[in-house]
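To start, the structure itself, in structure tokens.
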Amino acid sequence: MAADNFTSAVHALVARIPRGQVATYGDLAAYAGRPRAARQAGYAMHRCPPALPWHRVINARGALSLAPGTTGYLTQRRRLEDEGVVFIGGRVELSRYRWPGPG
DNA sequence: ACTGTGACACAGG
DNA sequence: CCCTGTGCCACAG
């Protein structure tokens, strides 16, 4: 069952994102030690344990990468809004909510 | 081994 | 702002 290092690193990072803040796939990949593996971070999120705050992970444009209208999209958006994240035109202001990183 | 695909990102136009 | 092409990395068939 053990996930590979990159995947577990991404999951560990997701667990560290503070409430009300967000991180991009590219950010997570970089913090995990692979600056060019944003897509793989996305795959890691697809395999993300439901207990983690997966909704705090969005794309570099400040939008949700799940298909609009789907249950996943609505869940993610509602959770973020519950944490105080404001959506404008389907996007959030990254300069305002972006997590600086683990260290 | 090769091709297609994706919860991505960035440079151009 | 939009849309498009290209680069990227790993997985599935």
Side-chain angles (χ1 to χ4, degrees):
Chain A
M1 73 114 192
D4 60 85
N5 288 319
F6 179 74
T7 300
S8 17
V10 170
H11 292 173
L13 285 164
V14 172
R16 275 168 151 280
I17 306 174
R19 196 169 184 285
Q21 291 192 250
V22 301
T24 71
Y25 299 93
D27 287 342
L28 294 178
Y31 300 150
R34 284 182 172 65
R36 302 293 176 276
R39 291 190 96 130
Q40 218 34 52
Y43 190 82
M45 290 313 292
H46 203 249
R47 299 256 71 197
C48 181
L52 299 182
W54 57 270
H55 58 282
R56 295 176 190 152
V57 184
I58 64 182
N59 62 39
R61 295 171 41 197
L64 308 188
S65 286
L66 294 178
T70 62
T71 303
Y73 177 95
L74 295 172
T75 299
Q76 181 170 21
R77 177 159 178 163
R78 184 164 63 253
R79 285 186 180 178
L80 287 173
E81 292 180 323
D82 279 347
E83 298 182 356
V85 177
V86 179
F87 280 75
I88 301 175
R91 288 187 236 175
V92 308
E93 205 174 321
L94 278 179
S95 60
R96 189 171 170 180
Y97 305 106
R98 194 176 217 172
W99 178 44

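Each chain gets a letter, A, B and so on, in the order the sequences are listed, and its residues count up from 1.
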I'd like a list of close polar pairs between nucleotides 2-5 of chain C and the protein, N/O only, cut-off under 3.5 Å.
unit_1, atom_1, unit_2, atom_2, d
C:dC2, OP1, A:Arg91, NH2, 3.3
C:dC2, OP2, A:Arg91, NH2, 2.8

Heteroatom pairs (N/O) under 3.5 angstrom, protein to nucleotides 11-13 of chain C:
unit_1, atom_1, unit_2, atom_2, d
C:dC11, O3', A:Tyr43, OH, 3.2

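With values rounded to the nearest 0.5 angstrom, A:Thr24 atom OG1 is found 8.0 Å from A:Asn59 atom CG. If you take CG on A:Leu66 and OG1 on A:Thr75, they are separated by 9.0 Å, rounding to the nearest 0.5 Å. Rounding to the nearest 0.5 Å places CZ of A:Arg96 at 12.5 Å from CG of A:Leu94.
Within residues 18-25 of chain A, the residues having any heavy atom under 4.0 Å from DNA chain B are, by residue number, A:Thr24, A:Tyr25. Near DNA chain B, meaning a heavy atom under 4.0 Å away, the residues from residues 63-80 of chain A are A:Ser65, A:Leu66. Applying a 4.0 Å cut-off to non-hydrogen atoms, none of the residues of residues 96-103 of chain A approaches DNA chain B.
In terms of heavy-atom proximity, A:Pro102 sits nearest to A:Arg16 at O-NH1, 4.0 Å. Annotation for A:Ala23 and A:Leu28: closest pair CB-CD2, 4.1 Å, computed over non-hydrogen atoms.
Close approach of DNA chain B to chain A, defined as any atom under 4.0 Å from a non-hydrogen atom of the protein, starts and stops at B:dG6 to B:dC10.
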Which dot-bracket string fits DNA chain C when only Watson-Crick or G-U wobble pairs with both atom distances under 3.5 Å count, crossing pairs get [ ], and | stands for a partner on a different strand?
.||||||.|||||
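In this view, A:Phe6 satisfies the ring pair (Phe, Tyr, Trp, His ring centres under 6.0 Å) rule with no residue, not counting sequence neighbours. Checked against side chain to side chain contact (heavy atoms under 4.5 Å, CB included), A:Pro35 has no partners two or more places apart in sequence or in another chain.
Every pair passing salt bridge (Lys or Arg N to Asp or Glu O under 4.0 Å) that includes a residue from residues 72-81 of chain A is listed here, sequence neighbours excluded: A:Arg77-A:Glu81. Within the structure, the ring pair (Phe, Tyr, Trp, His ring centres under 6.0 Å) test picks out the following pairs touching residues 79-103 of chain A (sequence neighbours left out): A:Tyr31-A:Trp99.
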Exercise answer: donor-acceptor pairs, residues 38-57 of chain A side-chain atoms, under 3.5 Å, sequence neighbours excluded:
unit_1, atom_1, unit_2, atom_2, d
A:His55, NE2, A:Glu83, OE2, 2.9
A:Arg56, NE, A:Glu83, OE1, 3.1
A:Arg56, NE, A:Glu83, OE2, 3.2
A:Arg56, NH1, A:Ile17, O, 2.8
A:Arg56, NH2, A:Glu83, OE2, 2.8

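For the side-chain contact (heavy atoms from CB on, under 4.5 Å) criterion with A:Gln76, the lone passing option out of A:Thr71, A:Thr70, A:Ile58 is A:Ile58.
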